[in-house]
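Just below is one structure, and these are the notes that go with it.
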Amino acid sequence: MCGIVGYLGPRSATGVLLDELSRLEYRGYDSAGLAVLDRGRLRVVKTVGKVRALAALVERDPLDVHLGIGHTRWATHGRPSTPNAHPHVSTAGDLAVVHNGIIENHAELRARLTAGGAVFVSETDTEVIAHLLAAKLAGPAAGDVGRALLLAAAELRGAFAVAVVAEAAPDCLYVVRQQSPLVIGLGEGETFIASDIPAVLPYTRSVIVLEDGDVACVRAGSVMLSNLAGESVERPARHIDWDIHAAEKGGYEHFMLKEIEEIPAAVAQTLRGRIDPAGQVVAAELGLSDERLRAVRRLSIVACGTSYYAAMVGKAVIEKLARLPVEVDLASEFRYRSPILSDDQMVIAVSQSGETADTLAALREAKRRGVLTLGVVNVIGSSLSREADANWPTWAGPEICVASTKAYVTQLVALYLLALHLARLNGALDDAGVAEVTTALSTVPALLEQILAEREQIADMGRRYAHWEHFFYLGRGLDAASSLECALKLKEISYKRAEAYAAGELKHGPLALMTPEVLVFGLATQRELVDKTLSNLQEVAARGARVIGVVRAGDNVVTGQVDEVIRVPDADDLLMPFLTVVPAYLFTYYLSAALGREIDQPRNLAKSVTVE
Ligand code: M6R
């Protein structure tokens, strides 16, 4: 989720690296740095803030260098600070690494390397890579940096794209890719490295996209590729013909679609390292003892907008799994209603940006009243993550589109995992019960990929219904909670009127609105409630409304009862909030695109609402 760059060639390496970094900054970062070889000696410059802060530092002490690596950081392990910024260096200061991804076994590696004499200066997982490489270089790799990288990579668990510069290899850079993107741009007598294609496009359109397990020794004008076993592999160079603007979006017309497509990876990232081999939740990063958490007998969740709707699903799931009462408040209402708070309570603030004024104010109110607070945020280093007593982040990566999509889905993941952890602590579930749900959760990325692969039916619906004006999302149980988010997304991007109701509420008022001009999405995925929801859908169909049923695959019960059907993969009821929202996002996207809406920046809205 961070940005990696590299350069070798005749141009000024610092100039190219800073330019490449600035081309990745559209994703929003918190610190930046670079490492170069200056007459064979490693030099590192890094700072908190934007690339322009780094550029100012470099300008103060210009370097005539032609080989180096750079990084813009999106904090995960460790807050944004200069020591935590990349590159990270070995204790001897003779090699440096930049890294994207998460090293899951960083704690055990850190302990081992520290015992071996490595001196750690940051809180990051990345720093273990520098020390591990140094240990391999001094030991079994006998000074061969490429060999050291292979040996080190074999010991790293998790996702990583890494670039290495070392005094022991003065004319090349080494890179490795494992589940985190990395490309190599090929120029005339010069070579570029980047985690995203836009960074290299001003220099070359000939790009090798590395695959998982690829390792490369990169020289000015040549690249040697191997797999993790050191066997040579071939990857053809592709010609990229996107313009720069399209390239920032990875070739997509809109960030919204790109971010919808990133949802499976974002879910996997948010699960990563949080489920142990026995299927139990690993919650060490919460920094709250089991004893402290066992004392929590009530929960209160505060949030706004989409995050509030994630909280609604979270409430249902926490109450079901952990059997703890949960209140959900709109953050903008929380402090004005004099909430009743107690010592046995925890207030959870959910926020993508971590800067939403109302959510921050709600968190501060809870803290002022002496209640334990927990942040579920996507931006580490944001005000909310700094002020909360504990954090349980989502790892969706930067979200650029104003409409939240991948962040919402990762908020669900975080809240489900929290529910399981609390359930195990208070005995509501035993180990087997927790493992059953974590096993199911681990299937979510693949189920979502399946929905994305079959999107054409939904894209077609979006285009066909683009000129309808009135939309309803109905459902019961978890489907009712999901309906709220489905309707909000349609409102904010298409500017259509979209309502969400618990299906059982229809007869108490909204049924009066049902006419042939209304399109109703009936979410009917909850096994125990499906018949009741279907009979509600028949009530709206009887008033002439057009009905699209959203049901699980293989559930034939709705054939003939609704006008059209969207089938989501068959899975546990608990997983349905993941599987119903992605079709709704796709529907909103294609409908709004057909209308030519400003999809990534809808009118009147901002990504981060920092005023009350
Ligand atoms: O950054 P936050 O999650 O705190 O933002 C809360 C809302 O402003 C946000 O979810 C908003 O509703 C989005 N535009 C939804 O797509």
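Start at 1 and go down the list; that is how both ligands and their atoms are numbered.
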*Can you list the ligand 1 atoms lying under 4.0 Å from a non-hydrogen atom of Ser404?*
15 (C), 16 (O)
*According to the side chain to side chain donor-acceptor pair (under 3.5 Å) rule, which pairs have a member within residues 469-480, sequence neighbours left out?*
Glu469-Lys496, Arg476-Asn536, Asp479-Thr525
*Residue portion contacting ligand 1 (non-hydrogen atoms closer than 4.0 Å) for Glu492*: side chain
_Pair Glu564 + Arg464: basic N to acidic O under 4.0 Å_ = yes
*Thinking salt bridges, do Glu365 and Arg368 make one under a 4.0 Å N-O criterion?*
yes
_Protein residue, atom and distance nearest to atom 7 (C) of ligand 1, heavy-atom basis_ = Cys304 O, 3.7 Å
*Which ligand 1 atoms does Ser307 reach within 4.0 Å, using its non-hydrogen atoms?*
2 (P), 3 (O), 10 (O)
*asked:* Students should be able to answer this: which protein heavy-atom is nearest to atom 11 (C) of ligand 1, and at what distance?
replied: Thr306 N, 4.2 Å
*At what distance is the nearest protein heavy atom to atom 8 (O) of ligand 1, and which residue and atom is it?*
Val609 CG2, 3.9 Å
*Taking the six-membered ring of Tyr495, is NZ or CZ of Arg603 closer than 6.0 Å to its centre and within 45° of its axis?*
yes
*Do me a favour and list the nearest non-hydrogen protein atom to atom 5 (O) of ligand 1 with residue, atom name and distance?*
Thr356 OG1, 3.4 Å
*For ligand 1, which atoms, with element, lie under 4.0 Å from some heavy atom of Gln352?*
1 (O), 2 (P), 3 (O), 4 (O)
*So is Leu605 close enough to ligand 1, meaning a heavy atom under 4.0 angstrom away?*
no
*List the closest protein heavy-atom neighbour of atom 1 (O) of ligand 1: residue, atom name, distance to the nearest 0.1 Å.*
Ser353 OG, 2.7 Å
*State whether the number of non-hydrogen atoms from other residues, nucleotides or ligands found under 6.0 Å of Glu285 atom CD is greater than 12.*
yes
*Mind checking what makes ring-ring contact (aromatic ring centres under 6.0 Å, His included) contact with Phe472, not counting sequence neighbours?*
none
*asked:* Contact between ligand 1 and Glu355 is defined here as a heavy atom of the residue under 4.0 Å from a ligand atom; is it met?
replied: no
*Could you tell me whether Asp196 and Lys249 have a side-chain N and a carboxylate O separated by less than 4.0 Å?*
no
